[in-house]
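This report concerns only the one structure given below.
Here the structure is a predicted model, which is why all the values come from computation and not from measurement. Throughout, a chain's letter reflects where its sequence line sits, starting with A, and its residues are numbered from 1. In what follows, every heavy atom counts, from backbone to side chain, and hydrogens, waters and symmetry copies are set aside.
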Amino acid sequence: MRTILLADMNSFFASVTQVLEPKLKGNPLLIAGDPQKRHGIILTASYEAKNMGVKTGMAIWEALIYCPQAILRPPDYPAYMDFSNRIFNILRDFSPLIEPFSIDEAFVELTGTEKLWGSPLNVAQNIKKRIKNEVGILCSVGIGSSKVVAKMAAGLQKPDGLVILTEKDIPHRLWPLPVGKLFGVGKQMEVHLQNMGIRIIGDLAQSSPELLTKRFGVIGTRLHEFANGKDLSPVDPNSLDIVKSIGHQITLPRDYTKVEDIQIVLLELAEAICRRTRMGNYVGRTVSLSVRGNDFHGIHRSKTLKESTAYPQIVYNTSLKLFNQYWKEKEPVRLLGLALSKLSHLKNKQLCFFNEDEKLYNAIDQIKDKFGEKSLLRSSFLLEGGVFYGGNRQQDVGRSPNYLP
Amino acid sequence: MKLLATKENLLFGVSAVQKAVSSKNVKPILTCIKIDAHNGLLYFYATDLEIGIQCYVPVEIIEEGSTVIPAKYLLEIVRKLPDSQITLETTTNNELEIKYEQSQLNLKSYYSNEFPNFSKTDNNYELSISTSLFKQMIKQVVFACGTDDNKPFFMGVLCEVENNNLKMISTDTHRLALKQCEIQNISEEAISFIVPSKILSELARLMQDENEICNIKISKNVATFTVANILLVCRLLDGQFPNYTQVIPTEYTLKIKAKTKILNKSVERISLFTENDNSSNIKISVQNNNMIISSQSELGNGYEKIDIDVEGEPVDIFFNYNYLLDVFKVIEDEYLTIEFTGPLSPGIVRSYENNNFIYLILPVRS
């Protein structure tokens, strides 16, 4: 029997801001993008604001209806990275096997640590105490016999929770929850399951695994296991090291309909993701385009290239082809995203004749490394349609995928 | 139109032009073949506006005229006709009547005046080459063309004519093939143009008789190839082909001579170990008087050692095996040579007896 703990920071971005600005403590606080632009989506709300009805993902104006007195702050990613590392280092004191699951949550393998640290309850209390005292943040901790149970347990009590689920607890604690609450069930899947008459997690746990597998493939099998608290996947300290795709998406400052404007944004995105791909010494073969309209319906289309690349021209051409092929002409666009996947490391690189791109981008990369991302741009990015580099604020193109603070 | 023809002649004409029939359904008339009888000959035409093929065969004409028939059905019917005399006749209700033995088929036809004309161009450049030589040249370069339509000019073969010398160059940026030959050149100035690789492959298929002459006419953006009773027109590719001469090394650090067949078989066997793995890399190590070809993957590993003539410094180098097998297939001589210029620069493959062909292959950095 394994013992796995998941520590999930409560309203992480807001909590970090409250630690850095203690006078904000106890006040409704919203972390959101630029209020001037449509980037103004609520990334995190403090519990004070959440209690008044604000939810993550709302537009700023909408959140302010629920909570007019809320204080707004922009995100501060370097600070979050820093806090995140300090928290993970505390967790590492309790087990060598910790798996960061996102910036603010991590699994800890406690199997075999009982003689050192005592019961799991003890460990959980210690972890919560240390994070509160040393970092200043509250967290919800879940403990279970598998990763999925630990994750579900942590979700049961927020904020500042501590829940231990044994195998006996699963039927009465997890099964009554709506199926959409199960880890791994997204919105689409929830609809599919509901159409099959599966409404609560218990329904899923008790349906036939054969039927689920037939309907959904491997995912069906996995979800059936999850609903029963079974998950054999190990706590893998390196799980985040494998970069699967490098992408970026951007909400446009207004709805775009002109092809010329959309072309500029696609080119900006292609430049940005290729730069990050090169920073990580990768090349990618699959180009994926996401487009969303003003009614939030959207498409996601991919194309695999003949050869891997890390240069924008082909990525841009491919994305534009996908756009023209799948997006209705003149239909307003609110969000554009581009990603490069099927990545491989440059170590086995087929050399190339006439590779002008390589020479050119080597030089561009050197200039950008030294003088910053904004030091060298295509002039078209300064046109009215450009969203990435135009304006006063430098958009963060992100870091190398291998970046470790 | 009314005429008498043999099945053999009809089949020859229809199959010669069918590669130019459009496979897209945008304009239905482009999915057809036009047949036109005049001066004792039956002409076949097909075009998708990128490539056009015309071909003629002798027939016995009773009444001159023309019609346009969907290519798919015409080809199927002609293939299945018996080996007897066939009568073709257009009817007043716009059908083509095909009569043979005691039978008759009627095919709906299109109006022939809707079929696009083959554009007559000002042919300001002319050269000719024997079909046996031209076929060999095409075979030795066309395989190295690129397939990535993001770089269209690499999907064609660069042809350079200067005095009586024709050079054909192709590259997909990982390897480069160059073949040159003496030809009869009617014009005096030098010229270069890029022909789409699939046109050349089709042309090689059409040049069946080895002892013909292929006449080539070049205008600004159109090339016309004439071989015996077949004429092929195509658009040339736009774009600036990069300066290939600068990537051909002039010196080497190591030169080996090996039997083409033996090397081919060894690489084929060792390449089995790269399957299932994302890479297609094999390692070549040259030392003393032998070459070791090796590969490893999750499947296992293997090596083959072959005796060769060596001149120069030892080298360890990785290649994509496909690029090696491709060139082994087109070298007809018993021996080949490979010159190495270092582990991260091109290998140069030549046929031992014939220095009109060279093939550059870039290694994999491992």
Side-chain angles (χ1 to χ4, degrees), chain A residues 242-245 263 266-267 270-271 273-274 277-278 281-289 302-325 338 340-362, chain B residues 144-155 158 169-178 239-249 274 277-283 295-297 317-324 341-348 358-366:
Chain A
I242 305 160
V243 182
K244 296 208 172 101
S245 93
Q263 284 172 342
L266 288 178
L267 191 57
E271 285 276 1
I273 65 168
C274 287
T277 306
R278 293 192 302 275
N281 272 328
Y282 287 101
V283 285
R285 255 189 87 192
T286 301
V287 177
S288 308
L289 169 78
S302 302
K303 184 169 165 47
T304 298
L305 305 169
K306 292 232 164 74
E307 283 168 25
S308 299
T309 189
Y311 302 111
Q313 196 61 48
I314 288 179
V315 174
Y316 166 72
N317 287 347
T318 312
S319 69
L320 190 61
K321 258 186 227 163
L322 288 171
F323 182 84
N324 289 333
Q325 197 175 346
L338 211 53
L340 202 53
S341 56
K342 259 202 194 168
L343 301 173
S344 54
H345 241 286
L346 267 183
K347 66 174 198 278
N348 281 324
K349 185 179 189 270
Q350 168 69 53
L351 302 178
C352 235
F353 292 120
F354 318 116
N355 202 339
E356 300 306 322
D357 276 352
E358 187 169 336
K359 284 182 215 156
L360 178 65
Y361 279 95
N362 275 344
Chain B
C145 285
T147 50
D148 185 348
D149 54 11
N150 280 303
K151 300 173 193 156
F153 46 86
F154 288 136
M155 293 170 79
L158 173 69
I169 301 104
S170 65
T171 180
D172 63 1
T173 73
H174 300 320
R175 57 335 197 347
L176 180 147
L178 185 158
Q240 183 68 43
F241 209 84
N243 181 1
Y244 67 90
T245 50
Q246 66 181 19
V247 303
I248 302 176
T274 65
D277 200 345
N278 272 333
S279 80
S280 308
N281 304 341
I282 57 167
K283 183 181 177 185
S295 165
Q296 58 173 353
S297 71
I317 191 166
F318 293 84
F319 286 120
N320 178 328
Y321 72 87
N322 290 304
Y323 299 161
L324 286 171
T341 53
L344 295 178
S345 30
I348 307 147
I358 75 168
Y359 179 75
L360 265 53
I361 166 171
L362 272 174
V364 173
R365 187 197 293 146
S366 200

Heavy-atom distance under 4.5 Å to chain B: side chain of A:Glu307, backbone, both or neither?
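The side chain, not the backbone.
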Let's test your reading of the structure: which of B:Val247, B:Thr173, B:Asn243, B:Leu360 forms the most heavy-atom pairs below 4.5 Å with chain A?
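Looking at each of B:Val247, B:Thr173, B:Asn243, B:Leu360 in turn, B:Thr173 comes out on top.
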Testing the basics here: between A:Gln350 and B:Asn320, what is the closest heavy-atom pair and its distance to 0.1 Å?
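What the structure gives for the nearest pair is OE1-CB, 3.7 Å.
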For B:His174 and A:Cys352, work out which heavy atoms get closest and say how close.
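Nearest heavy atoms, B:His174 then A:Cys352: CE1-SG, 3.5 Å.
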A:Phe353 side, atom CZ; B:Gln246 side, atom CD - distance, nearest 0.5 Å:
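Reported value, rounded in 0.5 Å steps: 10.5 Å.
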What part of B:Phe154 gets closer than 4.5 Å to chain A, counting heavy atoms only: side chain, backbone, both or neither?
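Side chain of B:Phe154 only, per the 4.5 Å heavy-atom cut-off to chain A.
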Can you say whether B:Phe318 sits under 4.5 Å from chain A via the side chain, the backbone, both, or neither, judging by heavy atoms?
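For B:Phe318, no heavy atom lies under 4.5 Å from chain A.
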